[in-house]
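Chain letters run A, B, ... following the sequence lines, proteins first and then strands; every chain starts at 1.
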Amino acid sequence: MSQATATRTLTFSQAIREALREEMERDDRVFVWGEDVAVYGGIYGATAGLLEQFGPRRVIDTPISETMIVGAAVGAAITGLRPVAELQSSGYFGIAMDELYHKVARWRYMHGGVFTVPLVIRLPEGAKGAGPEHDVSPEALFLSASGAYVVIPSDPADALGLMKSSIRDDNPVLFFEHAGLYAHRGEVPAGDHLVPLGEAAVKREGTDVTVIAWSRMVGESLRAAAQLEAEGIDVEVVDPRGLRPLDLDTILESVAKTGRVVIAHEAPKTGGAGGEVAAIIAEEALEYLESPIIRVASADVPIPQSRYLQQFLIPTAASVTEAVRRLD
Amino acid sequence: MTAIAPATLLELYESMVTMKLWDQTALRLLQEGRVLAGYHSGRGQEAIPAGGVAPLRRDDYLMYAHRGFGYTIAKGMSLAAMFGDLMANTAGTTGGLGAGIPHFADPELGILGQGGTLGSCFGIATGAAFSAKYRGTDQVVVCFFGDGTANRGAFHESVNAAAAWKLPVVWICENNGYAVSVPVAESTAGRIVDRAAGYGMPGVRINGMDVTEVYRATCEAVRRARAGEGPTLIEAICHRFRGHYEGDPQVYRTEEETERLLALDPITNLADRLVADGIASEERLGELEVRVQDRIDRAVQEASSAPMPGPERLYEGLYV
């Protein structure tokens, strides 16, 4: 096996940590801060070992102060550093919303472009049995926060490659990590593995139906595709790997090929980003559609803490399979 | 207490006169319909930006408040560029986006900008101070804010972190007695300066109408910050002579109250002292004012000749 094709097996969480470690080794301006990220190593273990390697100057436990964590990251970014700030849960977005929406996304623009804001905000999201305020997937809230990139990996290889690219990018990045994926294992290319931002991945090629999915729903959609293959339905799974920049070319190319679209995400259907993607397809590619677009998403209710009830709410491979069967 | 050198006093005086004449000129442009933004006059509060910015180096960082343009004038920003921002034309620092409630920034001068949602200055100031310490420089951040803004939650989070981490920040609260229309006594428990003790840092309350007090207190706070001794909170008691914004009916205070304030004018009071102490003659101060007005007039002229931006400006500078 040549060096170029060598891989290593990492969990999603380890992939994030390896990305942080590699970029911190490469660039002294990169530092990590957040709640319990240093001594504890992050509640999902994504920063474990970084304190030991890089010391307290670059791996910093903050007070429980999300407004400060994000606001001060902006202050550090516009004065020459490259912060990676962790919000312990993306459910805390509201505590830092002015900072995320107006400062992270707009500080550069509203000051005439004289600054760059090269930072990454890590936002663990998704259902995990922690209740309606923690289990959210709020990426669609930032669709209107022009100025900030929205990046969402679905497997360890992309988590590593997208995180490294996000740290190196001069634009601010909101980086959503599904908490239910942290323990998932996957093959990650060895070496300096970079995944470009704004480039969708066709995770499975197919000719009959396009399933556009991100985050945890990519894996669910691939399982659905394997099952549907046995029924003679050839499903293509497109993972945009983020919402901004959105790789429309890959999405529309796939739609033109299959003529059938299912959009799958874990966030509730109303106000979810699937609505935006569906609207773009309707505007740009209606003539290719042979069937109405179907969205697979959570119902429009808060996510209860009970994992028992969550099984009736959170979309799975079966939800995607059922949707594909409903297509004309 | 060390006396302030006569040359420094004259510089502080010229700085305040520039702010006052800038303000008058901005109000005239506003009346002429040439300002495409709201404006919050800084008349009466000049001692604080003058005395609070003068102790800074060029590479020190400034987070300024929204009242008047004194902070950025004192930090050396181009007057023409600031007028260009008021007129929302391409001479402005924002290249035509406009900045009436300021969004001026200049990284070369350490001017880090301002958020329109007041209170966001606190986190950015803490972050810039963290950055200075991280990079091993001895840069200092000065963050100005009003008594009203002091009641935003971001104050606690950011001031706490800066104090816990001994970051080089000087927090300067301009307490002019009113949060837009609400008197500070009705909105604020305790004295703002007393919060310093809660965060384990020094706090000083000063007369913000006296530029020498502001200058001295800031010099000491900057010295501490630069020496790695951590942040300081300065509460400067002051008065604004005009409304919160131009057009404010000021129903919350009487005309008599407003008129009485004029006796506290930080500029005429310093002029009287300069003359009484033999540092400058009235004639010399008069000449200074003419020279400053001439500089401002030339800046207005320069800014006025710039074109308005085209619609393509909307799409520039959002992403790198």
Side-chain angles (χ1 to χ4, degrees), chain A residues 28-31 33 56-58 60-83 85 95-99 101-119 145-149 169-172 197-198 244-245, chain B residues 61 63 81 85 92-99 102-108 110-117 119-137 139 141 143 152-162 164-165 167 313-314 316-320:
Chain A
D28 183 66
R29 297 170 300 173
V30 179
F31 70 94
W33 78 16
R57 171 173 167 265
R58 298 180 68 193
I60 300 124
D61 278 328
T62 64
I64 299 181
S65 299
E66 289 79 9
T67 302
M68 185 283 296
I69 290 169
V70 179
V74 174
I78 63 174
T79 54
L81 301 185
R82 303 184 85 86
I95 302 163
M97 195 56 166
D98 179 53
E99 278 61 34
Y101 195 92
H102 292 307
K103 307 306 174 301
V104 166
R106 273 102 200 245
W107 202 258
R108 168 179 164 79
Y109 180 81
M110 71 186 178
H111 292 95
V114 298
F115 299 111
T116 55
V117 188
L119 56 73
S146 49
Y149 284 178
D169 202 282
D170 280 336
N171 293 290
L197 306 182
R244 185 164 40 240
Chain B
Y61 293 122
M63 292 299 296
D85 280 323
T93 62
T94 62
L97 294 181
H103 293 301
F104 311 130
D106 186 340
E108 295 300 310
I111 299 170
L112 298 182
Q114 196 211 13
T117 44
S120 51
C121 57
F122 299 122
I124 291 173
T126 291
F130 171 87
S131 166
K133 190 173 177 180
Y134 184 99
R135 289 180 284 108
T137 77
Q139 291 164 290
V141 183
C143 178
R152 279 257 158 85
F155 175 89
H156 167 69
E157 292 198 6
S158 308
V159 171
N160 172 62
W165 295 336
L167 298 181
R313 177 67 192 88
L314 287 167
E316 293 165 0
L318 183 56
Y319 300 101
V320 179

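Pairing each heavy atom of Trp107(A) with each of Gln114(B), the nearest pair is CH2-C, 3.3 Å. The shortest non-hydrogen separation linking Ala161(B) to Met68(A) is CB-CE, 3.7 Å. Closest non-hydrogen pair, Phe115(A) versus Ile111(B), comes out as CZ-O, 3.7 Å. Summarising the geometry of Gly115(B) relative to Met110(A), their closest heavy-atom pair is CA-CE, 4.4 Å, with the distance given to 0.1 Å. Across all non-hydrogen atoms, the minimal contact from His111(A) to His103(B) is CD2-O, 2.9 Å.
Heavy atoms of Ala148(A) lying under 4.5 Å from chain B belong exclusively to its backbone. In this structure, the portion of Asp98(A) lying under 4.5 Å from any heavy atom of chain B is its side chain and not its backbone. Residue Glu108(B) does not touch chain A at all, counting heavy-atom pairs closer than 4.5 Å. For Tyr61(B), the part sitting under 4.5 Å from any heavy atom of chain A is the side chain, from C-beta outward, and nothing else.
The CD atom of Glu157(B) sits 6.5 Å away from atom CD of Glu66(A), with the distance rounded to the nearest 0.5 Å.
The shortest distance between side-chain heavy atoms of Thr62(A) and Trp165(B) falls below 4.5 Å. The shortest distance between side-chain heavy atoms of Thr79(A) and Gln139(B) does not fall below 4.5 Å. In this structure the side chain of Ile78(A) reaches within 4.5 angstrom of the side chain of Leu112(B), judged on heavy atoms. Put simply, the side chain of Tyr319(B) does not reach to within 4.5 Å of the side chain of Pro245(A), judged on heavy atoms. Ser158(B) has its side chain out of reach of Thr67(A): every pair of non-hydrogen atoms, C-beta onward, lies at least 4.5 Å apart. Residues Arg106(A) and Leu318(B) fail the side-chain proximity criterion, which asks for heavy atoms closer than 4.5 Å. Glu99(A) has its side chain within reach of Ser120(B): a pair of non-hydrogen atoms, C-beta onward, lies under 4.5 Å apart.
Most heavy-atom pairs under 4.5 Å with chain A: of the set Ile124(B), Asn160(B), Thr94(B), this distinction falls to Ile124(B). Interface check for chain B: of the options Gly80(A), Ser146(A), Gly113(A), the most heavy-atom pairs under 4.5 Å are formed by Ser146(A). With chain B as the partner, the residue from Asp170(A), Val114(A), Ile69(A) showing the most heavy-atom pairs under 4.5 Å is Val114(A). Comparing His102(A), Lys103(A), Arg29(A) by how many heavy-atom pairs each has under 4.5 Å with chain B, the most go to Lys103(A).
Under the salt bridge (charged side-chain N to carboxylate O under 4.0 Å, His left out) criterion, Asp28(A) pairs with Arg57(A), Arg58(A), not counting sequence neighbours. Partners of Leu314(B) by side-chain contact (heavy atoms from CB on, under 4.5 Å), not counting sequence neighbours, listed by chain and number: Tyr109(A).
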